[in-house]
Structures are given as structure tokens and as C-alpha cells.
2 protein chains.
Amino acid sequence: MDRDTQISLTVIRRLPKYHRYLTELKDKGISRISSQELSNLTGFTASQIRQDLNNFGGFGQQGYGYNVDDLHRELGKILGLDKRYTAVIVGTGNLGQAIANYKGIEEAGFKVVSLFDRNPKMIGLKIRDIEVRDIDLLEDYVRENNIDVGIITVPKEGAQPIADRLVKAGIKGIWNFAPCDLIVPETVIVENVRLNESILILSYFLKNLENK
Amino acid sequence: MDRDTQISLTVIRRLPKYHRYLTELKDKGISRISSQELSNLTGFTASQIRQDLNNFGGFGQQGYGYNVDDLHRELGKILGLDKRYTAVIVGTGNLGQAIANYKGIEEAGFKVVSLFDRNPKMIGLKIRDIEVRDIDLLEDYVRENNIDVGIITVPKEGAQPIADRLVKAGIKGIWNFAPCDLIVPETVIVENVRLNESILILSYFLKNLENK
DNA sequence: AAATTTCTGTCAATTTGATAACAAGTGAAT
DNA sequence: ATTCACTTGTTATCAAATTGACAGAAATTT
């Protein structure tokens, strides 16, 4: 395994899909799979799958294929599923609450330990047993509890200031739902969920349906 | 403008970002912009921006650049913002409710006219003035009201059956929040929001921070 | 145990996407 | 009016990503 060569983002973005299908296969009790079968499932070509996986090591065996359990575990490790991270959600609007209730976060190894909002009506409430705290306490809380990740679900205008505060308080990563590009030091990881862009893509293709 | 050549998905996925920055520029009252300035904003190279835009027509002028209002309007048209579509949300859990309250949907020209759920406790309730109906009524409602888009926010297991029913009822597009790959006829547009994959990417990079 | 099939890892070829370069317009300054 | 700086559209070049091909190893069949 060559730890020096940078693996392209294009490859990395395919990994979760491999992992998802391997979870399904595992649940079905299937113990081995070939790149061709994975191709049928995922839609990627068999060649591409073999190349992708080989970026991280030779997990397969000639004449046999890949062992589902092993590959699932290895991909899990690559994706950091063997790690546990703490997170806070900033913004307890509809989206913030939905994310607080979203099980996928736990499955990915993240534990949401506090929510923050500036609305006095929200402060003190509990969402799924997680307390909502005053946004003024954000920096202290993040610092004192060594929080790894901030999840930003505030409106666009508030997102950058919140990001700045999280960064100052020592956050390692941000899961950003606000429709803007956050400016952070390059040591801080930002992963964006672009609902606005996603729905525009849908709109684009719907419109193009009509042109045919 | 060459309507025959297929424009690559890579290009299309960049359009919403252009549009977003043009909205901001317009709001600031800025009337002209060069590809270089757009590059500074978006992070794409000026060359790439000019190439992207030229897929759809020559919107710029040598020595001047692009007129913000014009380009904004043209990109809006390309993205289908001049069209109005009706939508229903299937699944009124936390995510479904958050989406029902999400303003970006309207901004993209979509109008959510009904929600559907199988939970009797939800049926008859109103979320943001939109009624929640029994899932059994889904097909009839979609057919009778000529619904364009179905938004799927049900758990993974229920997503494909719902997609099948929507397709049968004549839906044109699906905005899918369930973590699975829907199988639909190729005439039906599917745009996925992959929260599970997004957070795994964050996890990947967080883990890789440590390895350095 | 030999022959055949299967399937990976890897390298080469091809395709796609991004960047660079530049001729030709345009507007502003003098 | 002329010059100069600017900026697009477009072509040429370069880089990245995908696909194809195949040797060699393992598993399976005969």
C-alpha cells in the first residue's frame, strides 16, 4: 500500500457505494463476490472497481474474487468506521432537528453530544435526549469537550461566522448544509451537502426532458 | 448553440454554483463580471468557466466580460428556473418534514402540494399548510393532479416500492433521499441526495488527518 | 493430476476533462 | 483617432480518469 501517493477524490467518492453494497451482501450471507458481480450491482465497470480497490491494497484473490466480510471490513477501516468522533449541531431548525434524529450519523461513527441555537425558545429543550444550548456557549463547549465535528444547519448568512467560531475553538471537520462555500484553514475538513444544487440538477434534467 | 451534443454531467453539476454566485452579485448590484473574477469566487479556473458557459452559448463580450443580469437569467433558464413543477413528498419523518419546510424547493420552482405517509397518526395533519394524505391514495393523487416530481424520504426498504408506484402513476422525476439506487425507466429522472455517503467522506478525511 | 475456467492485479490504450495559449473584439484613456 | 489594457471564444496541449487487455494464479472440473 502506497501511503504517499494521493488518492483522487473521484475514487474516494465511490468508496461509500462499494461499502454500502458490501453491507447488503454481508447481510444476505453472501461470502464472496467478483468485480464483475460488483459491477452489476454498482454500475461501475469491473475494471474500474479493481483499480479503485487496488489503490488501497490487493484485497482480492485470482480465481476467487473478493471475500465479502474482509472487503467490507477493509473498506470500513479506510472510511474511518473504526473511529469514533464527537459532533455538535449548530442550528436547530427543521433541518438541524432532522439531522439530530438521523441514524446514519451514528452508523458512521459520529456521536452528536450537543445542539446549539440562538433562539431562547429552543435553549434547554432536548431533541432525542440531546440538550440544546445557547450559541454563546459554543466555543467553550467545543474546546472543553474536544469536539471533532461541527454540523452547520443555520441559514446561509450565519454559516461563515459559525464556521469561524468552530475553527477558532479547534474543530477538525465541518459537515455543512448551508448553501455557501465556507472559508476555513486547509487543515480543517469541510464536507458540503448541497440541497440547493441537487434540486437544480433535477430541474435541469426535467426541463431537458421537454426539449426532446 | 449546439443542441445535439450531449453536455457532460461534470459541466452541468457546476452550473448551480455559477448561478448561486451570480445571484449574490446581482443582489449586490454588480452589473458586470469577468471569467477571472468568477474564478476567484468559485475556485474554478477562468478558462474552465469560459468553456463551461460556451457549451450553452456565447453570453460574454470581449473586453467587457459577462453582464451579470443576463448571465444570471440565462443560467436560470438553462437550469429550468423558468418552469414550475408540482411535487409530493412521500414520508413525513423528520427529514420529510424538514424538506417540506425547505425554502430552496420553491426557489427552484417546485411546489409541494401534498405529503404522504402510512402512519395513521400523521394522516390529516398539515405541515406548512400542506396536507398529509394516506399513502394508499398516492397513485390516484399523482395521476389526477399531474404531479411532476416525487420526493422520497422514506426508509431504505420502502424506497424502491414507492418509486415503482410513482413511476406507474406517471411521475417525471424523483428526488431521492433514501440510501439506495432506485431502478426506474430511463425516461424518469432521479437525483439522489446521499447523506450517508457524504458523512462517510467526512469520516474518511478525518481519519486521514490523523495519519499525517 | 491435468485441463479448464475463473478472476485478479497491472499495464497499455483510449477517452474525457482541464488548462494554457492566443487571435480578435471591445472599451477606456490619452 | 490611436493606443493600450482587458476579456472572450476557441483551438491546442496537457492531465486525469476510464476502459481494455492479458499474464499469471487460484479454484474447479474432468
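Chain A is the first sequence line, chain B the second, and so forth, proteins listed ahead of strands; every chain is numbered from 1. The analysis underlying the following values was restricted to heavy atoms, covering all of them including side chains, and did not include hydrogens, waters or symmetry mates.
- Regarding contacts with the backbone of C/dT19, a side-chain N or O of B/Thr45 is found under 4.0 angstrom from either OP1 or OP2.
- Counting heavy atoms from C-beta on, the side chains of B/Val113 and B/Val88 come closer than 4.5 Å.
- Counting any heavy atom pair closer than 4.0 Å across all strands shown, B/Ser47 reaches a base atom.
- In this structure, CZ of A/Phe56 is placed 18 Å from C1' of C/dT8, rounded to the nearest angstrom.
- In terms of phosphate contacts, A/Asn54 brings no side-chain nitrogen or oxygen within less than 4.0 Å of OP1 or OP2 of C/dT8.
- The interatomic distance linking A/Glu37 (CD) with C/dC7 (P) rounds to 7 Å, in whole Å.
- One N or O donor and one acceptor, one from the side chain of B/Gln62 and one from the base of C/dA24, sit under 3.5 Å apart.
- Nucleic acid contact class of A/Tyr66 (heavy atoms, under 4.0 Å, all strands): sugar-phosphate only.
- Note: CD1 (A/Ile33) to C1' (C/dT8) measures 14 Å, nearest angstrom.
- Read 5' to 3', the first and last nucleotides of DNA chain D with an atom closer than 4.0 Å to a heavy atom of chain A are D/dA17 to D/dT28.
- At whole-Å resolution of the value, CZ in A/Phe59 and C1' in C/dG9 are 13 Å apart.
- Look at CZ on B/Arg13: it is 16 Å from C1' on C/dG17, rounded to the nearest Å.
- Cation-pi contact between A/Lys17 and A/Phe44: present, with separation from the ring centre below 6.0 Å and deviation from the ring axis of at most 45°.
- Between A/Val193 and B/Ser198, the closest heavy-atom pair is CG2-OG, 3.5 Å.
- Nearest nucleotide to the side chain of A/Ser34, out of C/dG17, C/dT26, C/dC7: C/dC7.
- With rounding to whole Å, B/Ile49 atom CD1 is found 13 Å from C/dA20 atom P.
- Between A/Ile162 and A/Phe116 there is no side-chain heavy-atom pair separated by less than 4.5 Å.
- Positionally, the nearest nucleotide of DNA chain D for A/Arg50 lies more toward the 5' end than for the other of A/Gly63 and A/Arg50.
- Listed nucleotides C/dG27, C/dT10, C/dA23 differ in distance to A/Gln51; the shortest reach to its side chain belongs to C/dT10.
- A/Ala178 approaches A/Arg194 most closely through the heavy-atom pair O-NH1, 4.0 Å.
- One can place CD1 of B/Ile7 at 15 Å from P of C/dT16, the figure rounded to the nearest angstrom.
- The CD-P distance, from A/Gln48 to C/dT8, rounds to 15 Å in whole Å.
- Among the protein residues, B/Gln36 comes within range of no part of the nucleic acid, since none of its heavy atoms lies under 4.0 Å from any strand.
- Checking side-chain atoms of A/Thr153 against main-chain N and O of A/Gly91 turns up a donor-acceptor pair under 3.5 Å.
- Each of B/Asp52 and B/Arg32 lies near DNA chain C, and the nucleotide nearest B/Asp52 is the one positioned closer to the 5' end.
- Positionally, the nearest nucleotide of DNA chain C for B/Thr10 lies more toward the 5' end than for the other of B/Thr10 and B/Tyr64.
- Using a 4.5 Å cut-off on side-chain heavy atoms (C-beta onward), B/Phe205 and A/Leu9 make contact.
- Listed here is the closest heavy atom pair of A/Leu115 and A/Ala100: CD2-CB, 3.9 Å.
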